[in-house]
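Just so you know, these numbers come straight off a predicted model, no measurement behind them.
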Amino acid sequence: MAKGQFPIEKLEKIQTPFYYYDTELLRKTLRTINDEAGRHEGFVVHYAIKANANPKLLKIIREAGLGADCVSGGEIEASVQAGFPSSKIVFAGVGKSDWEINLGLDNDIFCFNVESIPELEVINQLAAAKGKTARVAFRLNPNVGAHTHANITTGLAENKFGIAMRDMIPVIEHAQQLQNVKVVGLHFHIGSQILDMGDFEALCNRVNDLQKELERHRITVDHINVGGGLGVEYTHPNRVPLPDFKAYFDTYAKKLKLRPEQTLHFELGRAVVAQCGTLITRTLYIKEGAVKRFAIVDAGFTDLIRPALYQAYHKIENITSNESMETYDVVGPICESTDVFAKQIDLNRTQRGDLLAIRSAGAYGEIMASQYNCRRLPQGYTSDEIR
């Protein structure tokens, strides 16, 4: 959404800070995902709930036909409440509690993505107590690096996620001896905010090798789950509002050698919702420091933690000013030095009361908000509501 397309008069009336979601862009994103994935037989797309669990967005995503990728019992509950079919719910995560596993079993979810032998045995035990058979996929750590921030890589041997490659065959053979689990797939995820298709090619090559190794042991699986990880263009959200879904799905279609009847599952999160979301914040004060000019706003890292946590970049616009450009540090009110959204950026001349739009905030924004400093959680509004 370009700066001039915000319904400023209506946004002015809402208590800041808050999230504003462009549902037209979200629906366009979902149509593109379905179109591009639909060109390839056997491609199944799930939405990673952890990116944003706003119920209004979940309803739109569910209506588009995507499944749900969950990493907690709370996310399973949110998925069920939003109407996602249990047959399309996948439960991943390195530390699943008993009540969360039981919730998945009670809802007959599609699959548990298992990350260790102890977890596998607990799932088998809990399924036995219910007289059920749990479908499981093993998350393998492929030791594939991704060109992204160190804090959001997940596919290296040093990361906590997944089962080590050397343990793959023994773990699967062990699972085949258990009475209340059924091995249906393999799961991978190498990281997030990946823009280099070469990283996904490297994962395809590793999966191809693994499938050959499994077949030497007469092991086959129904599906391969390659996670998500596709990044978005934070620098130019107006110019590039959609990720390159064509290149993403085409990479897997060309490089991953699926077996007959196998399905390929994806777990896209950021790529689905990041660009449709904007954090709207009001300027409280302009402070002329000794060496800098600060725009102090009413949003803080309690509302959007990514800049403080990852040094993440978000484009910021003053949507109520058309005056000449000046340079500011945009900072929040939290009593921490890391409560900074951007340093030395150019904004249209800003004054008290101006609304700033912090763009590309639909993923890992509202969902990661906290009440530190006893602050209120930000509300989320959609363009469907504000017309």
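The distance from the CZ atom of F138 to the CG atom of L186 is 9.0 Å, given to the nearest 0.5 Å. Taken from CD in E317 to CZ in F6, the straight-line distance is 6.0 Å, to the nearest 0.5 Å. One distance of note links CZ of F91 with CG of L105; it measures 10.0 Å at 0.5 Å rounding. Expressed to the nearest 0.5 Å, how far OG of S324 lies from CZ of R349 amounts to 7.5 Å. From C70, atom SG reaches atom CG of N107 across 10.0 Å, with rounding to the nearest 0.5 Å. Within the model, atoms CG of L57 and CG of N52 stand 5.0 Å from one another, a figure rounded to the nearest 0.5 Å.
No hydrogens or angles considered: nothing links the side chains of T302 and S370 as a donor-acceptor pair under 3.5 Å. Between the side chains of Q344 and T327, not a single donor N or O lies within less than 3.5 Å of an accepting N or O. Side-chain atoms of T283 and R352 form no donor-acceptor pair, as typed in the model, at a separation below 3.5 Å. In this model, a donor atom of one side chain and an acceptor atom of the other lie less than 3.5 Å apart for E366 and N54. N225 and E267 form a side-chain donor-acceptor contact under 3.5 Å, judged by distance and modelled atom types alone.
Salt-bridge annotation for D250 and R39: present, with a side-chain N of the basic residue lying under 4.0 Å from a carboxylate O of the acidic one. At a threshold of 4.0 Å, the pair R282-D298 does not count as salt-bridged, since none of the basic side-chain nitrogens sits closer than that to a carboxylate oxygen. Under the 4.0 Å criterion applied to side-chain N and carboxylate O atoms, E233 and R239 are not assigned as salt-bridge partners. Taking a cutoff of 4.0 Å between a charged side-chain nitrogen and a carboxylate oxygen, E75 and K50 do not qualify as a salt bridge. Under the 4.0 Å criterion applied to side-chain N and carboxylate O atoms, E63 and K59 are assigned as salt-bridge partners. One finds a salt bridge joining K56 and E385 here, because a Lys/Arg side-chain nitrogen approaches an Asp/Glu carboxylate oxygen to under 4.0 Å. The pair D108-K132 meets the salt-bridge criterion, with a side-chain N (NZ, NE, NH1 or NH2) lying under 4.0 Å from an Asp/Glu carboxylate O. A salt bridge between R259 and E215 is present, with a side-chain N of the basic residue lying under 4.0 Å from a carboxylate O of the acidic one. Between D35 and K246, no side-chain nitrogen of the basic residue sits less than 4.0 Å from a carboxylate oxygen of the acidic one, so the salt-bridge criterion is not met.
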Begin from the C-alpha positions of K292 and K343 and carry the test side-chain contact (heavy atoms from CB on, under 4.5 Å) through to its verdict.
CA-CA 9 Å; K292 290 186 174 184; K343 293 183 178 181; 4.1 Å; yes
Between I305 and Y310, does a side-chain contact (heavy atoms from CB on, under 4.5 Å) hold up when you go through it step by step?
CA-CA 8 Å; I305 198 172; Y310 303 133; over 6 Å; no
Evaluate the ring-ring contact (aromatic ring centres under 6.0 Å, His included) criterion for residues H314 and F341: first the C-alpha distance (whole Å), next the side-chain angles of each, then the deciding distance (0.1 Å), finally the verdict.
CA-CA 8 Å; H314 287 265; F341 289 114; 8.3 Å; no
Salt bridge (Lys or Arg N to Asp or Glu O under 4.0 Å) for D69 and K88? Distances and angles first, verdict last.
CA-CA 8 Å; D69 164 49; K88 290 186 175 182; over 6 Å; no
Run the numbers on Y47 and L30 for side-chain contact (heavy atoms from CB on, under 4.5 Å), then give the verdict.
CA-CA 10 Å; Y47 167 64; L30 292 165; over 6 Å; no
side-chain contact (heavy atoms from CB on, under 4.5 Å) between L347 and V330, worked out
CA-CA 10 Å; L347 296 172; V330 180; 3.9 Å; yes
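Around atom NZ of K254, no more than 12 heavy atoms belonging to other residues, nucleotides or ligands sit under 6.0 Å away. Around atom CD of E41, no more than 12 heavy atoms belonging to other residues, nucleotides or ligands sit under 6.0 Å away.
The closest donor-acceptor contact from the side chain of N124 to the backbone of L178 lies at 3.5 Å or more, if one exists at all. With S383 contributing its side chain and D22 its backbone, the two residues share no donor-acceptor pair below 3.5 Å. Of the possible donor and acceptor atoms, none in the side chain of Y21 sits under 3.5 Å from a partner among the backbone N and O of D384. Distance alone, capped at 3.5 Å, is enough to place a donor-acceptor pair between the D354 side chain and the Q351 backbone. A donor-acceptor pair is defined here as one N or O able to donate and one able to accept, closer than 3.5 Å; such a pair exists between the side chain of D339 and the backbone of I334. A donor-acceptor pair under 3.5 Å is formed between the side chain of N208 and the backbone N or O of C204. The backbone N or O of E119 lies less than 3.5 Å from a partner atom in the side chain of S116, making a donor-acceptor pair.
Inter-residue side-chain proximity for K130 and N102 is flagged as met; some heavy-atom pair is nearer than 4.5 Å. At a threshold of 4.5 Å between non-hydrogen side-chain atoms, the residues F266 and L264 count as touching. Within the 4.5 Å cutoff, the side chain of N141 has no heavy atoms near those of the E115 side chain. With a 4.5 Å cut-off on side-chain heavy atoms, T350 and E323 do not count as touching. Taking 4.5 Å as the limit, some side-chain heavy atom of V80 sits within range of a side-chain heavy atom of I89. Counting heavy atoms from C-beta on, the side chains of S79 and L58 never come closer than 4.5 Å. With a 4.5 Å cut-off on side-chain heavy atoms, F18 and L11 count as touching. A 4.5 Å side-chain heavy-atom check between V136 and V184 finds every atom pair outside the cut-off.
Here the closest non-hydrogen pair linking I280 and A357 is CD1-CB, 4.0 Å. When every heavy atom of A82 is checked against every heavy atom of R62, the shortest pair comes out as O-NE, 2.8 Å. Here the closest heavy-atom approach between residue A361 and residue L279 is recorded as CB-N, 4.0 Å. Contact between N322 and N348 at its shortest, heavy atoms only, is C-ND2, 3.8 Å. Taking every heavy atom of both residues into account, Q177 and E173 meet most closely at CG-O, 3.4 Å. Considering all non-hydrogen atoms of both residues, G185 and V221 come closest at CA-CB, 3.8 Å.
Taking the six-membered ring for Trp and thresholds of 30 and 60 degrees, H265 and H46 have nearly parallel ring planes, at less than 30 degrees apart. Ring planes of F43 and F249: tilted class, angle from 30 to 60°.
Y252 and L140 fall within the same hydrophobic cluster, where Ile, Leu, Val, Met, Phe, Trp and Tyr residues are linked whenever their side-chain heavy atoms come under 4.5 Å apart, directly or through other members. Under the 4.5 Å side-chain heavy-atom criterion for Ile, Leu, Val, Met, Phe, Trp and Tyr, V114 and I190 are members of the same hydrophobic cluster. Following chains of ILVMFWY side-chain contacts shorter than 4.5 Å, one cannot reach Y364 starting from V71, and the two form parts of different hydrophobic clusters. No continuous path of hydrophobic side-chain contacts links I61 to L242 [ILVMFWY only; heavy atoms under 4.5 Å]. Residues I172 and I117 are members of one and the same hydrophobic cluster, defined by side-chain heavy-atom contacts under 4.5 angstrom among Ile, Leu, Val, Met, Phe, Trp and Tyr.
Partner L356 forms a side-chain contact (heavy atoms from CB on, under 4.5 Å) with one of T278, I316, T320, I319 and no other, that one being I316.
Taking a 4.5 Å side-chain heavy-atom cut-off between Ile, Leu, Val, Met, Phe, Trp and Tyr, the cluster of I296 extends to L284, Y285, F294, V331, V340.
Taking the centre and axis of the six-membered ring of Y328, the NZ or CZ atom of R293 falls inside the cone set by 45° and 6.0 Å.
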